[in-house]
Amino acid sequence: MATDERDIAELQALFQDGALTAVALCQAFLERIEQIDRSGPCLLSVIETNPDALEIAAALDRERKQVGPRGPLHGVPILLKDAIDTGDRMTTTGGSLAMEGHRASEDAFVAAQLRRAGAVLLGKTNMSEWGYMRSTRGCSGWSSRGGQVRNPYVLDRSPSGSSSGSGVAVAANLCTAAIGAEVDGSVVRPASINGIVGLKPTVGLIGRSGIMPVAAPQDTAGPMARSVGDLARVLNALTGLDPQDDATQAAQAHTAEDYTRFLDPDALKGARLGLARDLMGDHEGVDAIIEEAVRVLRDLGAEVIDPAEGAAVPLFGEAEMTLFLYEMKAGLNRYLAEHPNSPMRSLTELIAFNRANADRVMPFFKQELFEMVEASGGMEEPAYEAARAECIRLSRSEGIDRVLKEHALDAIIAPTDSMPAWSIDPVNGDRIVGGCSSPAAMAGYPHLTVPAGYLHDHLPVALSFFSTAWQEGKLLSYGYAFEQATKVRRQPQYLATLPL
């Protein structure tokens, strides 16, 4: 059953007909996790499964029979990144051995929303340890607790990150959908490189309480799925007012009641899209796939302005990195202090644990970023305010907003990653050359990535759509129209390496 890659609508039809139960579906996914994630190709994308998953699924099956389903996610198994709290028997560790055994006392907002919608929280996904923010020479998808996540298309290639396990688990059909979290690229990049759909929403659309932080102006959870339709259905469950996150207040006037109403195959007719050609040029194969995507968009009725340059900003540039240092020091210390069951109470303790256990925690790369964060000052310092203002200027008034206005655009398009997945190399770290995650991340604006093709038949390449705040519906409509016209996504083949 699990190998069929049924979407949420198909699963609900099977549930309704009595041809499938939530228990049977969860059992199939748990068996598949055991077969190909922990053995077989050994993807290591799932860091732990929920010991109560089958019991929860059985309760949901009984509820369906007695009163009917709660909605489209009733009985649907979903995985959560290991940075998202769950108030159950699962742990939340950020992939770190220093946090091993840590159980949160309550659900994160997104976990509570999913439970309320009837989803089964199947487990937690492996990730780049501490959201890729421990070392200046990190390796995407590696954590001291979970090991190295592997790309299911070509196993010696990077899964990207930091929501590495979420992207891989969805691509390998170990769940119906997953939740990632992003500060810059951590949802859209692993979605892109693992051939699935991912949405980094406007900051505030989804509540962030109970999620390990990096930088509040950019932090957000985001859904990851195999189709735009499934992504929209999961997004419906995630939105809402989070009493512990003030950013969600502004979202209430902009949140759609039902994001599936934007699933229009004709949505690109008359749309004005700007091709950010200054975010291309790193790999001719990727560029060729994007050029073909542009042709499809035009055939579907979009007017593509080429080029529409000016939104490019460097990944982890000076201003953004300065912002991270200040924000992470305050945010991580607050998270650890607010969790009474946490084995670590501060960043200082965390750094000391890593030093004392370097052979297990830091066998390949160290904790230079942690030490830089610890050495930074408080957020009242002028350097922080200057970095925040510069990030806004570069990404909004001199970036996305300016380009949209200058060309009267509905959205900007670009390759999500301007290079295909690189080889896994924990010794030297990642080889991230370019991509388009930073503009929308720094601005706090929405960003959707959709599969666009495959380089050398096996390495996924994706097309991004991003725009100004609260335009999730519009981006979903464009992504859906492109997806339905191309249907390029294919199941991974778990190749050991790329054939020469």
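All heavy atoms count here, side chains included; hydrogens, waters and symmetry mates do not.
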*Within the side chain of His74, is there an N or O that forms a donor-acceptor pair under 3.5 Å with the backbone of Arg70?*
yes
*Should Val433 and Arg431 count as side-chain neighbours, where that means a heavy-atom distance under 4.5 Å?*
yes
*Would you indicate whether the side-chain heavy atoms of Phe364 and Cys139 approach each other to under 4.5 Å?*
no
*Compare all side-chain heavy atoms of Ile47 with those of Ser143 and state whether any distance is below 4.5 angstrom.*
yes
*Is Glu327 reaching over with its side chain to a backbone N or O of Val214, donor-acceptor style, under 3.5 angstrom?*
no
*Short question: side chain of Gln252, backbone of Thr248 - any donor-acceptor pair under 3.5 Å?*
yes
*asked:* What I'd like to find out is whether the side chain of Met224 reaches to under 4.5 Å of the side chain of Ser163, using heavy atoms alone.
replied: yes
_Passing option when Arg189 is tested against Asp417, Asp184, Asn194 for side chain to side chain donor-acceptor pair (under 3.5 Å)_ = Asp417
*Look at Glu5 together with Arg490 and state whether they make a salt bridge at an N to O cut-off of under 4.0 Å.*
no
*For Gln367 and Phe370, indicate whether the former's side chain and the latter's backbone hold a donor-acceptor pair under 3.5 Å.*
no
*asked:* Pairing donors with acceptors under 3.5 angstrom, does anything connect the side chains of Lys81 and Ser162?
replied: yes
*asked:* Check whether Gln493 reaches the backbone of His458 with its side chain - one donor and one acceptor, N or O, closer than 3.5 Å.
replied: no
*Is the distance between the ring centroids of Trp142 and Phe365 under 6.0 Å?*
yes
*asked:* Any side-chain to backbone donor/acceptor pair from Thr125 onto Gly165? Under 3.5 Å, distance only.
replied: no
*Which pair of heavy atoms, one from Ala462 and one from Ile290, lies closest together, and at what distance?*
O-CD1, 3.7 Å
*Taking the side chain as C-beta and beyond, is there a heavy-atom pair between Glu398 and Leu394 under 4.5 Å?*
no
*Looking only at atom types and distance, does a side-chain atom of Gln249 sit under 3.5 Å from a main-chain N or O of Leu241, one as donor and one as acceptor?*
no
*Please list, chain by chain and in numerical order, all residues satisfying ring-ring contact (aromatic ring centres under 6.0 Å, His included) with Trp422, sequence neighbours excluded.*
none
*Side-chain contact test, heavy atoms from C-beta onward, threshold under 4.5 Å: evaluate it for Ser395 versus Glu320 and give yes or no.*
no
_Run the side-chain hydrogen bond (donor to acceptor under 3.5 Å, both in side chains) test on Ser477 and Asp264 for me, step by step, so that the C-alpha distance in whole Å, both residues' side-chain angles and the decisive distance to 0.1 Å come before the verdict._
CA-CA 6 Å; Ser477 72; Asp264 178 6; over 6 Å; no
*Please work out which of the three classes, parallel, tilted or perpendicular, describes the rings of Tyr153 and Tyr454, given edges at 30° and 60°.*
tilted
*Flag side-chain contact, heavy atom, 4.5 Å: Asp278 against Pro307*: no
*State whether the side chain of Asn126 and the backbone N or O of Gly146 hold a donor-acceptor pair below 3.5 Å, judged by distance alone.*
yes
*What heavy-atom pair brings Ser135 and Leu369 nearest, and what distance separates the two atoms?*
O-CD1, 3.3 Å
*So, does Arg208 use its side chain to make a donor-acceptor pair with the main chain of Asp219 at under 3.5 Å?*
yes
*Do any N or O atoms from the side chain of Thr416 and from the backbone of Thr449 form a donor-acceptor pair under 3.5 angstrom?*
no
*Would a 4.5 Å heavy-atom cut-off, applied to side chains only, mark Arg489 and Ile196 as touching?*
yes
*Looking at Leu43, Val168, Val46, Asp37, which one forms a side-chain contact (heavy atoms from CB on, under 4.5 Å) with Val149?*
Val168
*Would you say the side chains of Asp7 and Ser227 form a donor-acceptor pair under 3.5 Å?*
no
*asked:* Would Leu122 and Thr176 count as a side-chain contact (heavy atoms from CB on, under 4.5 Å) here? Give the steps.
replied: CA-CA 10 Å; Leu122 191 65; Thr176 303; over 6 Å; no
